[in-house]
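Throughout, numbering of the chain's residues begins at 1 and tracks the sequence.
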Amino acid sequence: MVRARHLLLPLLLCLPLAHAQDPGDHAHGAHQRASSPSDPSPVVVSLAPAARAALTRHTVEAEAHGRTLRCEGVSLPALLQVSGAMPDTPLRGAHLDRYVLVTARDGYRAVFSLGELDATLGNRGVYLVDRCDDAPLDAASGPLRLLVPDDARPARGVRQVEGITVVAAP
Ligand SMILES: Nc1nc2c(c(=O)[nH]1)N[C@H]1C(S)=C(S)[C@@H](COP(=O)(O)O)O[C@H]1N2
Ligand SMILES: [Mo]
């Protein structure tokens, strides 16, 4: 009896470790990175006029501080899709741990998850606009800014957009 207990205790202590190291457990993925390691990260998205020229232009209205901005530009998910930074099919696990980091010249930053942008998931409309109220944006706002008309506050309407990258969460 004493002998059996000596064998059982070390065995029980090993169980959680053995479970965590079981490759079958990783396949079910609770803590495993979803993206394939072969997917590049970060992916830098070109903001050059040529990269945006082929995309449908949308008219977008958004409220900021009681004022309605009427702007024109392209859809952010469409830009990510033509850039190869986001699939143009419903997202699968491999891309659900990715986010878009938008940076501005003044250091302001905001993120959107790819899942938030996917039309079959969050379906959040996010637009990269270059004209508002029938004029190009001035230096305080542009030349490019984001508009997120369905956000309840305008805080992610990043002005002075400088960079857009898609990043796999670490
Ligand atoms: N680059 C940059 N973008 C920014 C901000 C900022 O400080 N810097 N402030 C945000 C916040 S908090 C708001 S409410 C809106 C205000 O947009 P508006 O200047 O067009 O009114 O801009 C957003 N975009
Ligand atoms: Mo704000």
* Asked: Can you check whether Val126 reaches Leu117 side chain to side chain, under 4.5 Å on heavy atoms?
  -> yes

* Partner of Leu128 under side-chain contact (heavy atoms from CB on, under 4.5 Å), chosen from Leu47, Val102, Leu147 -> Leu47

* Any Arg98 side-chain heavy atom under 4.5 Å of Val167 side chain -> no

* Asked: Does a salt bridge link Arg124 with Asp151, judged by any charged N lying under 4.0 Å from a carboxylate O?
  -> yes

* Asked: Above 12 or not: heavy atoms from other molecules or residues under 6.0 Å from CZ of Arg109?
  -> no

* Any donor-acceptor N/O pair, Arg145 side chain to Gly157 backbone, under 3.5 Å -> yes

* Does a salt bridge link Arg92 with Asp118, judged by any charged N lying under 4.0 Å from a carboxylate O? -> no

* Between the side chains of Thr59 and Glu72, does any donor sit under 3.5 Å from an acceptor? -> no

* Asked: Is Glu63 paired with Arg153 through a side-chain N to carboxylate O contact shorter than 4.0 Å?
  -> no

* Would a distance-only check, ignoring hydrogens and angles, find a side-chain to backbone donor-acceptor pair under 3.5 Å from Ser46 to Ala48? -> yes

* To do: Mark yes when over 12 heavy atoms from residues, nucleotides or ligands other than Asp134 sit less than 6.0 Å from its CG; otherwise mark no.
  => no

* Asked: Can you find a heavy atom in the side chain of Leu101 that is under 4.5 Å from one in the side chain of Ile164?
  -> no

* Structure fact -> When rounded to the nearest 0.5 Å, the distance separating CG of Leu96 from CG of Leu114 is 8.0 Å

* Salt bridge present between Arg105 and Glu162 (N-O < 4.0 angstrom) -> no

* To do: For residues Asp97 and Ala94, report the shortest heavy-atom separation together with the two atoms involved.
  => OD1-O, 4.0 Å

* Structure fact -> Residues Gln160 and Asp106: closest non-hydrogen pair is OE1-N, 3.4 Å

* Asked: Minimum heavy-atom separation for Pro87 to Leu91, with atom names?
  -> CD-CD2, 3.6 Å

* Locate the shortest heavy-atom distance separating Pro143 from Leu137; write the atom from each residue and the value. => O-CD1, 3.7 Å

* Structure fact -> Between Ser41 and Ala168 the two heavy atoms that sit nearest each other are OG-N, 2.9 Å

* Asked: Looking only at heavy atoms, which two atoms of Pro149 and Tyr127 are closest? And how far apart?
  -> CD-CD1, 4.0 Å

